[in-house]
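Take a look at the structure set out below.
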Amino acid sequence: FDIASRGARVHLRPARPAAMAPTMAQRDWERRARSKHRAGGSHASPWHHPHATWLTLIVVAVVLLQGVLYGRVHARSMRIQTADDEIARRAEAIRSMLVKQEDLREQVASLREVVVRMDTAVVDTLEKGAAAKRHANRDQAPTKTETETDAGSSVKSLREQQRILMDRASLANRLAGIAPTDADEAFFDANDAALQEIREERAAYGRREQMETAGSALVWSNSVKDAMATGAKVTWDDEDRVAKRVTGTNPRRAGPEPPNADDDGTFATEPKSLFASYLGRYGAGGSFLTPSASKAGERVTDGDMGILKDSALGRMGASRLDKARAGDNPHAYAAVVIMSCNRADYLERTVESVRAALGMGKQSGDLRSKFPVFISQDGRNKAVRTYAESRVKDFHWMQHLEDAPPQTRTRFRWDSAAYYRISAHYKWAMKTLFEDMGYERVIVLEDDMELSPDFFGYFEAAGRLMDADPSVYTVSSWNDNGQKIHVSDESRLYRSDFFPGLGWMLNKQLWHELAPKWPDSYWDDWMRLSDTRKGRESIRPEVCRTFNFGEAGSSKGQFYRTYLASIKRATRVDIEWSAADLTYLDGKTYEDSVRRSLESAAIVDSPTKVHLASKDAADANVYKVVYNSEREFNVLAKRFGVFAEWKDGVPRAGYRGIVTFKMYQGRATVMLVPAPKAQVARTYAQWNGEQDVEVTLPAAKLPVQLPVQAKAKAVEAAPKVDAGADDGLTEEERNDRLTQAMERWWQYEAGA
C-alpha cells in the first residue's frame with residue numbers, strides 16, 4: 001500500500017520472493033498508473049478520450065459543409081445582383097425605346113396628316129381641271145387650256161409625293177420595330193383605294209368626253225334621290241356611278257332640254273370609312289348607293305333605305321323544335337341561340353363549352369330549364385347539319401335558308417355579301433325566338449366562343465338590371481380591353497356607351513324597337529349608331545365571360561392577333577351572382593362613382609408614369625390621361641396598349657368618353673378622359689330631354705363635357721328643305737358646297 005504525505009511519499013511493501021518478481025508489462029502498467037495518479041484524473045488530456053477521433057471528424061465535416069453552403073449562397077447572391085443590374089439596364093433600354101417609338105409614332109401621325117392633305121389637294125386639282133375642261137367645252141375652245149395641262153402634271157406629281165409619304169410612314173414603323181397594325185394596313189388600303197378612285201374618275205371623264213362627242217350628256221349624281229329629282233329619264237351604270245341622261249323633254253321644263261344644262265362636271269366623292277358609309281346609308285342619303293343593288297332583296301331607296309324587310313328574310317328549312325316554345329318551358333329565363341354557318345369544328349367546340357357552363361358554377365335552380373339552347377344554322381353546310389341534327393340531341397336546331405342571293409349595296413372591297421347574309425340570319429333567328437317562340441329574352445352567341453363557368457349566372461343577374469332600368473341597352477359578356485394585362489377583378493361590372501356584342505342579351509321590348517328598322521348589312525355597327533342606341537348603355541364585365549377563338553371567318557381575323565388572342569376569360573366558380581349587390585350600376589350611382597374616381601386621380605401622359613401600389617392600396621391608385629380629340633385618343637390608346645377605335649363618337653369600352661382599364665394585374669387603374677371641350681356622344685337623359693346638352697359630371701375637378709354629337713347637332717339645326725323646292729342655288733354652286741362638305745368630312749376622318 002502507499003501512504004502519501006506532503007512533499008514525499010513512503011512506500012512500504014512486504015518483501016516478495018524472487019519467484020514473484022514483476023514482469024516488464026506489470027512494471028509498465030504500474031508506472032503508467034503512478035503517472036496518472038500524480039497528474040490527477042480531472043486534468044487528463046482530451047486526446048485520450050475514447051471518442052476524440054470521431055468528434056474531430058464530425059467537427060471537420062461540419063466546417064467543410066458550412067463552407068460549401070456559404071460559397072453557394074454567395075454565388076447565388078452574386079447572380080441575383082448581376083440579374084438586377086441586367087434588369088435595370090434593360091428597363092432603361094426599354095424606356096429609351098418607348099420614347100423613341102413615341103417620337104416615331106408622332107412622325108408617322110404627321111406624315112398621315114400630310115397624306116390626307118395630299119388627298120384633298122388631289123381632289124382640288126382634279127376639280128379645277130374638270131372646271132377648266134367644262135368651261136373650255138362651253139366656249140368651244142379648240143385646244144386644251146394651260147390650266148388643264150398644269151392640272152394633269154400636278155396630279156401626277158401629287159400622286160408621287162403621296163406614295164413617297166406612305167412609304168416613309170411604313171419605313172418609320174419598321175425602324176421603330178413596330179409591326180404594322182390593322183389600323184395601319186387599313187390606312188394604306190384607304191389611300192390606295194382613294195388613288196384608285198381618282199384614276200377611275202379620270203377614266204370616267206374620258207368616257208364622258210367620248211359620249212358628249214356622240215351627242216349624249218352625263219349627269220354626275222350624288223344619290224339615287226338626287227338623280228330621280230331631276231325628272232329626267234335615266235339609266236344607271238354601276239361601274240362608273242353615273243347616270244346617262246336620255247336626251248329629250250324634261251317634264252319640269254317646257255321645250256327640249258339643253259345638252260349641257262346640268263353638266264356640272266363634279267363627281268360624288270365616296271366616304272372612305274365604314275362609319276362614313278353608315279352616315280351615308282342611314283343618315284345622309286346614301287350618296288354611294290348603286291341603283292341596281294337598291295332593288296335587290298326587297299330593299300327600297302326612299303325613307304326605308306338600308307332596311308331589311310321581312311319579305312327578304314328567307315325561310316325555315318329543316319329543324320328539330322320539339323317542345324321549343326316558351327310555353328313548353330315555363331321556367332325559362334332566356335333562350336340561347338348559337339349562330340352558325342359552315343364551321344362544324346368551331347360549332348362542336350362551342351357546344352361543348354355551353355354544356356360545361358350549364359353544369360358548372362354556383363347558380364340556383366336548373367340551368368338547363370332556365371336557358372333552352374337553339375342552334376341556328378345559316379345555309380346548307382352538310383357537316384354543320386349532320387352535327388347539329390344527329391349529335392346534339394339535347395339542344396334545339398333550326399335551319400335558315402335564303403330565297404335569293406344577296407346583292408351588295410356598294411362596290412367597296414370590304415362590302416362583302418357575307419355581311420348581308422349575317423344580318424338577315426340574325427334578324428330571322430331573333431324574330432323566330434321572340435315572335436314565334438314567345439321568349440322574353442334572347443342570349444346571342446356565335447359558333448366560335450368558349451364560355452366561362454359563371455356565364456349564365458352573370459346574365460341572369462345583369463338581366464334583372466336590364467329589365468328594371470330603361471337606360472340599359474343590352475347585357476354583354478365582352479370587354480374590348482379585356483386582355484390579361486388590363487383586367488383583374490372577375491366580379492366587377494361596368495356601364496359602357498359602346499355596344500360590345502360577342503355574347504350579348506336583349507329583351508323583347510328592345511327587339512320590338514329594333515326589328516322594324518333592322519339593317520340589311522353590318523348589323524353590329526348599326527347597333528352602335530347614336531340614332532339606334534339613343535344614349536343607352538350596355539352592361540359589361542371587367543373580365544370577359546366569353547373567349548373568341550375564331551380567327552377564320554367573315555371578318556378575315558380582323559384584330560384577332562392584336563387584341564382578341566390575349567383576352568382573359570373568367571375562371572372562378574365561387575361567385576354568387578344570385579346574391580350579388582349590383583346597385584352600384586344604377587345610373588346616378590355609377591356616375592357619382594366615376595366622378596369621385598376622377599377627383600382623386602393623378603394626371604399622367606405615359607404608362608411609365610403609372611406606379612405600382614400594394615394590393616391594399618390598389619383601389620386608390622388611380623390615374624387619368626386627358627385627350628382633346630379622337631386622334632389624340634388613338635395615340636394615347638396605342639401608347640397604353642388598349643383598343644384605339646371609335647364608332648359614332650364612342651370609343652370602345654367607353655363611358656361618357658372615359659375608357660377605364662387596369663395595369664400591373666389590378667395594382668393601378670388608368671382612365672382615358674376627354675377634355676372639357678372634347679365631343680362625346682349624348683346620354684340617355686339628353687336624348688329624352690331630361691338634361692341639358694352641355695353638362696359636366698357634377699362637382700368633378702376635371703369636368704367631362706357631354707355635348708351633342710356633331711352630326712346630330714347639324715341635323716337638328718339644319719332647315720328642312722323640300723326635295724322638289726328651289727333653293728336658289730345653281731347646280732354648280734350646289735355641287736361646290738357638296739365638295740367643300742366632303743373635304744371637311746375627310747379632315748374630320750383624319751382627326752384634324
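This is a predicted model, so every value here is computed, not measured. In what follows, residues are counted from 1 in the order of the sequence shown.
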Distance (rounded to the nearest 0.5 Å) between [X] [atom1] and [Y] [atom2]:
X      : Y      : atom1 : atom2 : answer
Thr432 : Phe434 : OG1   : CZ    : 11.5 Å
Ser530 : Arg682 : OG    : CZ    : 7.5 Å
Asp378 : Ile422 : CG    : CD1   : 8.0 Å
Asp648 : Met527 : CG    : CE    : 13.5 Å
Ser452 : Arg545 : OG    : CZ    : 5.0 Å
Asn481 : Leu672 : CG    : CG    : 8.5 Å

Exercise. Does Arg441 make a cation-pi contact with Tyr333 (under 6.0 Å, within 45 degrees of the axis)?
Worked result: yes

For this session: Validate the cation-pi geometry between Arg540 and Tyr494: distance from NZ or CZ to the six-membered ring centre under 6.0 Å, angle to the ring axis within 45°.
Result: yes

With a 3.5 Å distance limit and no angle check, can you tell me whether [X] reaches the backbone of [Y] through a side-chain donor-acceptor pair?
X      : Y      : value
Gln686 : Thr683 : yes
Arg380 : Gln399 : no
Thr350 : Tyr346 : yes
Tyr684 : Gly587 : no
Ser416 : Tyr419 : no
Asn381 : Val384 : yes
Asn329 : Ala332 : no

For this session: May I have the step-by-step check of side chain to side chain contact (heavy atoms under 4.5 Å, CB included) for Arg315 and Glu402, ending in yes or no?
Result: CA-CA 6 Å; Arg315 67 185 189 278; Glu402 60 186 15; over 6 Å; no

Over all heavy atoms of both residues, which pair between [X] and [Y] is shortest? Give the atoms and the distance, please.
X      : Y      : value
Trp577 : Ser491 : CH2-O, 3.9 Å
Pro453 : Val573 : CB-CG1, 3.4 Å
Asp581 : Thr583 : OD1-OG1, 2.9 Å
Pro405 : Arg421 : CB-NH2, 4.1 Å
Tyr439 : Ala324 : OH-O, 2.5 Å
Leu401 : Gly379 : CD2-O, 3.9 Å

Does this structure show an ion pair linking [X] with [Y], if we count only N-O contacts that are shorter than 4.0 Å?
X      : Y      : result
Asp525 : Lys647 : yes
Asp480 : Arg652 : yes
Arg343 : Asp447 : yes
Lys370 : Asp366 : no
Arg536 : Glu513 : yes
Arg355 : Glu352 : yes
Glu450 : Arg349 : yes
Glu490 : Arg492 : no

Indicate whether any N or O donor in one side chain lies under 3.5 Å from an N or O acceptor in the other, for [X] and [Y].
X      : Y      : value
Trp526 : Asp524 : no
Ser538 : Ser476 : no
Trp478 : Thr546 : no

Are the side chains of [Y] and [X] in contact, using a 4.5 Å heavy-atom criterion?
X      : Y      : result
Met671 : Thr660 : yes
Val543 : Asp489 : no
Met466 : Phe459 : no
Trp518 : Ser423 : yes
Ser340 : Leu347 : yes
His400 : Gln377 : no
Asp592 : Tyr584 : no
Ile658 : Val680 : no

Exercise. Can Trp428 and Ser376 be said to form a side chain to side chain contact (heavy atoms under 4.5 Å, CB included), step by step?
Worked result: CA-CA 10 Å; Trp428 176 85; Ser376 181; 3.5 Å; yes

For this session: Would you indicate whether Asp394, at its atom CG, is surrounded by more than 12 heavy atoms from other residues, nucleotides or ligands within a distance under 6.0 Å?
Result: yes

Exercise. Please, which pairs that meet salt bridge (Lys or Arg N to Asp or Glu O under 4.0 Å) have at least one residue in residues 423-435, sequence neighbours excluded?
Worked result: Asp310-Lys427, Lys431-Glu435

Problem set entry | Val351 vs Ile375, side chain to side chain contact (heavy atoms under 4.5 Å, CB included): CA-CA, chis, key distance, verdict | CA-CA 9 Å; Val351 167; Ile375 297 176; 4.1 Å; yes

For this session: Decide yes or no on side chain to side chain contact (heavy atoms under 4.5 Å, CB included) for Val354 and Phe395, but give the supporting numbers first.
Result: CA-CA 10 Å; Val354 172; Phe395 293 169; 3.9 Å; yes

Problem set entry | ring pair (Phe, Tyr, Trp, His ring centres under 6.0 Å) partners of Tyr426, counting only residues at least two apart | Trp523

For this session: Please work out which of the three classes, parallel, tilted or perpendicular, describes the rings of Phe456 and Phe371, given edges at 30° and 60°.
Result: tilted

Which atom pairs, donor and acceptor, lie under 3.5 Å between side-chain atoms of residues 495-506 and protein residues at least two apart or in another chain?
residue : atom : partner : partner atom : Å
Arg495  : NE   : Glu537  : OE1          : 2.6
Arg495  : NH1  : Asp469  : OD2          : 3.3
Arg495  : NH1  : Leu585  : O            : 2.6
Arg495  : NH2  : Ser471  : OG           : 2.8
Arg495  : NH2  : Glu537  : OE1          : 2.9
Ser496  : OG   : Phe498  : N            : 3.1
Ser496  : OG   : Phe498  : O            : 3.3
Ser496  : OG   : Gly654  : O            : 3.2
Asp497  : OD2  : Arg656  : N            : 2.6

Problem set entry | Intermediate values then yes/no, ring pair (Phe, Tyr, Trp, His ring centres under 6.0 Å), Trp397 and Phe374 | CA-CA 5 Å; Trp397 168 64; Phe374 294 78; over 10 Å; no

